[in-house]
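This report concerns only the one structure given below.
Worth knowing before you read on, the calculation uses all heavy atoms, side chains too, and leaves out hydrogens, waters and symmetry mates. Convention: sequence-line order gives letters A, B, ...; per-chain numbering from 1. This one's a predicted model, so the numbers in the text were calculated from it and none came from an experiment.
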Amino acid sequence: MTVRNDEVATLLEEFADLLEAKDVEYKPRAYRLAAENVRDYPESVADLAREEGESGVSEINRVGDAIAAKIVEYVESGEIAELEELREELPVEMGALTGIEGVGPKTVGRLYEALGVRTLEDIESAARAGEIQAVKGFGPKTEQNILEGVAFARQSTRRQLLSDAYPLSRSLLEYFEGVEAVERCETAGSLRRWKPTIGDVDVLAASDDGEAVVDAFREWEETDELIEAGTSKASVRAKGVRVDLRVVVPEEFGAALQYFTGSKDHNIALRNYAIERDMKINEYGVFDVSAIEDADAGQRVGELVASESEAAMYGALDLPWIPPEIRENRGEIAAAADGDLPDLVAEADVRGDLHTHTDASDGRETIEGMAAAAAERGYDYLAVTDHATGPGVVGGVGLDDEELLTHAERVREAAADADVALFSGVEANITADGELSVSDDVLAELDCVVASPHAALDGDGTDRLVRAVEHPAVDVLGHPTGRQLNRRAGLDVDFERLATAAADAGTALEVNANPNRLDLRGGAVGIVVEHGATVAVNTDAHAPTSLDYVTYGVHTARRGWAESADVLNARDADGVRAFLE
DNA sequence: GCCGTTTTCGGCCCGACTGTTTTCAGTCG
């Protein structure tokens with residue numbers, strides 16, 4: 001059994017919550033920090049535990065001897081004795097209960113002590129019975145808020161996909177354009193960094209009249225429910241997504257935008273970079289504190305150097321502006337200081353799509369319709385890669401060998417009248433052993449062969465995927481891990497090995513831009529690019545509108561530091577033809 | 001429980017908001 005990093009991290013977070021509920025000091029924070037670093041650790045922590053034991057695991061940042069021992073214990077035995085004891089002492093469904101807005105570990109602990117509340121059902125019936133407001137420290141408002149929060153917590157434990165959060169943020173920004181009190185506004189937070197899933201939407205507005213902006217926010221047509229509102233910040237629920245607004249004065253907009261975009265790790269590293277240069281950076285600006293004795297004496301201590309724009313904020317530290325997608329403290333500050341920031345691929349660089357479907361398999365549009373949609377986007381070419389039959393794709397959806405050849409002929413006929421170059425192709429299935437579901441002589445007849453895993457999507461997939469990229473007919477490895485956000489984790493993959501094999505074989509690795517997939521993810525793109533392999537940003541579109549997903553794919557590739565030269569479909573048609581041959 | 005050009009013990013980010021509290025605790029980002 002493989003133990004995933006996020007599984008270990010979740011256990012450590014439960015540890016933290018249980019300790020916090022018991023009013024233990026400082027340890028909860030230690031467990032949470034360790035959990036974050038375990039979750040972000042680039043390799044399998046379980047493998048590390050098995051191969052190098054406690055000393056290896058304690059090499060992870062913020063993981064010391066005690067937590068390392070617990071991780072090893074979990075990997076070896078499947079449980080942690082001390083966590084089991086804590087669970088017995090406080091037998092509550094911690095994750096579910098803290099999912100209620102406004103309910104944290106301490107509240108859970110107190111309600112368990114006072115009322116024996118263990119589950120969402122318990123807390124709901126206690127609230128209905130009026131028992132909660134009778135507990136010291138709780139009142140009718142809190143009880144009512146819990147009651148309202150329970151219903152939402154039941155259905156919404158998931159993180160939002162970009163395809164939910166991004167359009168919502170655009171809608172709010174457009175609305176604010178018409179609000180007089182708003183001078184400027186911008187998305188911040190993980191959405192601006194284009195993380196594949198979003199906890200909530202953060203929007204920042206510049207105004208000298210915070211109350212007017214908050215009032216307008218409350219009247220936004222998408223607002224379903226007000227969560228809280230003050231004079232400088234407010235939160236609402238809109239289409240099931242939490243939207244947080246902050247209002248700052250225009251002079252400090254850049255500082256606030258930088259601060260609230262994060263990531264937290266990037267900001268900590270940047271703060272330290274500033275301190276080393278006798279500067280101080282926070283959400284109000286960059287300050288020169290070289291002449292100040294106590295730089296911690298206040299929020300705006302020292303001589304203000306920059307605050308109005310983000311570029312000026314970085315410029316005050318002698319750094320070029322760093323694109324939000326790479327603000328993850330993965331070396332971007334050093335690269336910026338050295339003048340080595342990548343020239344990231346842009347959406348306008350994309351010249352075509354190499355993984356699309358038509359009504360010949362499970363798409364909803366004809367070859368001609370998809371070609372017209374590609375032309376309308378200004379593309380130079382489109383590959384028609386309908387499903388082949390095979391593991392994970394049933395006959396009736398996928399095409400067999402004979403149907404593939406007929407379909408390729410129809411693509412060639414359509415190409416004569418199309419305003420873009422058309423490549424005939426297929427999305428073949430990769431079997432559990434790494435073989436393809438289409439015969440070699442059929443593959444040889446097609447311009448563009450995408451090979452993707454559609455079945456047996458768990459366990460280590462490296463051997464199988466390496467075999468597929470080394471197949472001479474394969475041009476693109478489609479959605480390599482097969483993950484689906486909020487649904488399944490997909491294959492475990494040694495991306496270094498896969499990237500090396502792909503670079504040697506001249507096969508591109510896909511960033512599938514479908515917002516349910518985003519596979520490869522940004523971190524994997526970084527490894528792929530570093531090892532010299534080529535990336536293809538494809539939408540896997542099953543209808544013309546899905547070609548728009550390219551936005552999500554490009555920003556995911558940018559999270560992996562991909563430049564235009566790394567991206568196959570940023571080349572012109574001849575360049576792509578040369579690669580496919 | 002973790003960590004150290006504040007280094008082996010003594011600290012651990014912090015401000016806004018809400019609700020309950022008569023001066024503050026819990027949650028959230």
Fill in: A:F176 ring center near A:W220 ring center (under 6.0 Å)
no
Worksheet item: Rounding to the closest angstrom, what is the interatomic distance between B:dG1 and B:dT8 at atom C1'?
Response: 15 Å
Pairs of donor and acceptor atoms involving the side chains of residues 314-331 of chain A, under 3.5 Å and at least two apart or interchain, shall be tabulated with distances.
residue	atom	partner	partner atom	Å
A:Y314	OH	A:Q258	NE2	3.1
A:Y314	OH	A:H266	NE2	2.9
A:Y314	OH	A:R327	NE	3.3
A:W321	NE1	A:E310	OE1	2.8
A:E325	OE2	A:H555	ND1	2.6
A:E325	OE2	A:R558	NE	2.6
A:R327	NE	A:I322	O	2.8
A:R327	NH1	A:E310	OE2	2.8
A:R327	NH2	A:E310	OE1	3.0
A:R327	NH2	A:E310	OE2	3.4
A:R327	NH2	A:I322	O	2.7
A:E328	OE2	A:R193	NE	3.0
A:E328	OE2	A:R559	NH1	3.1

Worksheet item: Which is it for A:K70 and A:E82 under the salt bridge (charged side-chain N to carboxylate O under 4.0 Å, His left out) test, yes or no, and what are the steps along the way?
Response: CA-CA 8 Å; A:K70 292 184 174 75; A:E82 209 178 315; 3.3 Å; yes
Fill in: Toward the 5' end of DNA chain B, by each residue's nearest nucleotide, A:E143 or A:A34
A:A34
Worksheet item: Are OP1 or OP2 of B:dT18 and a side-chain N or O of A:T142 less than 4.0 angstrom apart?
Response: no
Response to the item:
Residue set satisfying ring pair (Phe, Tyr, Trp, His ring centres under 6.0 Å) with A:Y31, at least two apart, ordered chain then number -> A:F15
Fill in: Base paired to B:dA25 (Watson-Crick or G-U; both N/O distances under 3.5 angstrom)
B:dT18
Can you tabulate the close N/O pairs, meaning under 3.5 Å, that link protein atoms to atoms of nucleotides 25-29 of chain B?
residue	atom	partner	partner atom	Å
B:dG26	O3'	A:T107	OG1	3.3
B:dT27	OP1	A:G104	N	2.6
B:dT27	OP1	A:G104	O	2.9
B:dT27	OP1	A:T107	N	2.9
B:dT27	OP1	A:T107	OG1	2.7
B:dC28	OP1	A:G102	N	3.0
B:dG29	OP1	A:D200	OD2	3.0
B:dG29	OP1	A:R242	NE	3.4

Discussion item. Without decimals, in angstroms, what is the distance between A:L83 CG and B:dG1 P?
Written reply: 13 Å
Fill in: Nucleotide B:dC13, atom P - distance to CD of A:E283 in whole Å
16 Å
Discussion item. Can you tell me if A:N145 touches the phosphate of B:dG19, counting only side-chain N or O atoms and a distance under 4.0 Å to OP1 or OP2?
Written reply: yes
Discussion item. Distance alone, cut at 3.5 Å: any donor-acceptor contact between the side chains of A:E222 and A:S171?
Written reply: yes
Worksheet item: If we ignore angles and hydrogens, is there a donor and acceptor under 3.5 Å between the side chains of A:R192 and A:T261?
Response: yes
Worksheet entry | B:dG26 versus B:dT20 - spacing of their P atoms, nearest Å | 14 Å
Worksheet item: Just how far, in rounded Å, is P of B:dC3 from OH of A:Y31?
Response: 13 Å
Worksheet item: Once you round it to whole Å, what is the distance between P of B:dC14 and CG of A:N267?
Response: 15 Å
Worksheet item: Rounded to the nearest Å, what distance is computed from the CG atom of residue A:L226 to the P atom of nucleotide B:dA16?
Response: 19 Å
Practice prompt. Could you list by number each residue of residues 129-139 of chain A showing a heavy-atom separation from DNA chain B of less than 4.0 Å, or answer none if no residue does?
Written response: A:G137, A:F138, A:G139
Discussion item. What is the distance, to the nearest angstrom, from the OH atom on A:Y26 to the C1' atom on B:dG11?
Written reply: 7 Å
Worksheet entry | A:S235 versus A:R242, side-chain donor and acceptor atoms under 3.5 Å | yes
Fill in: Whole-Å gap separating P (B:dT6) and CG (A:N272)
11 Å
Worksheet item: Which of residues 117-128 of chain A sit near DNA chain B, with a heavy atom under 4.0 Å from it?
Response: none
Item to complete: Look at the side chain of A:S232 and decide which nucleotide, out of B:dA16, B:dC13, B:dT18, has an atom nearest to it.
Response: B:dA16
Item to complete: Mind checking A:K141 for me? I need base, sugar-phosphate or nothing, with any heavy atom below 4.0 Å counting as a touch.
Response: sugar-phosphate
Discussion item. Using a heavy-atom cut-off of 4.0 Å across all strands, would you classify A:A229 as base, sugar-phosphate, or nothing?
Written reply: sugar-phosphate
Discussion item. Without decimals, in angstroms, what is the distance between A:I67 CD1 and B:dC2 P?
Written reply: 4 Å
Worksheet item: Have A:E347 and A:T551 got a donor and an acceptor in their side chains that come within less than 3.5 Å?
Response: yes
Item to complete: Identify which nucleotide among B:dC3, B:dG1, B:dC17 has an atom closest to any side-chain atom of A:N61, counting heavy atoms from C-beta outward.
Response: B:dC3
Without placing hydrogens or testing angles, list every side-chain donor-acceptor pair under 3.5 Å for residues 335-342 of chain A, not counting sequence neighbours.
none

Discussion item. Go nucleotide by nucleotide along DNA chain B from the 5' end; which of A:K264 and A:A68 gets its closest nucleotide reached first?
Written reply: A:A68
Worksheet entry | Contact under 4.0 Å: A:R32 side-chain N or O vs B:dG1 OP1/OP2 | no
Item to complete: Determine the interatomic distance between P on B:dC13 and the same-named atom on B:dC17; round to the nearest Å.
Response: 22 Å
Discussion item. I need the A:Y166 OH to A:T187 OG1 distance, nearest 0.5 Å.
Written reply: 8.0 Å
Practice prompt. First locate atom CG of A:D17, then atom CD of A:E14, and finally report the distance between them rounded to the nearest 0.5 Å.
Written response: 7.5 Å
Fill in: Cation-pi geometry met for A:R277 and A:Y273 (6.0 Å, 45°)
yes
Worksheet item: What does A:T231 touch in the nucleic acid at a heavy-atom separation under 4.0 angstrom: a base, only the sugar-phosphate, or nothing?
Response: sugar-phosphate
Worksheet, complete the sentence: Given the options A:D47, A:D460, A:D492, A:R4 meets salt bridge (charged side-chain N to carboxylate O under 4.0 Å, His left out) only with A:D492
Item to complete: For B:dG11 and B:dT6, measure between their P atoms and round to the nearest Å.
Response: 15 Å
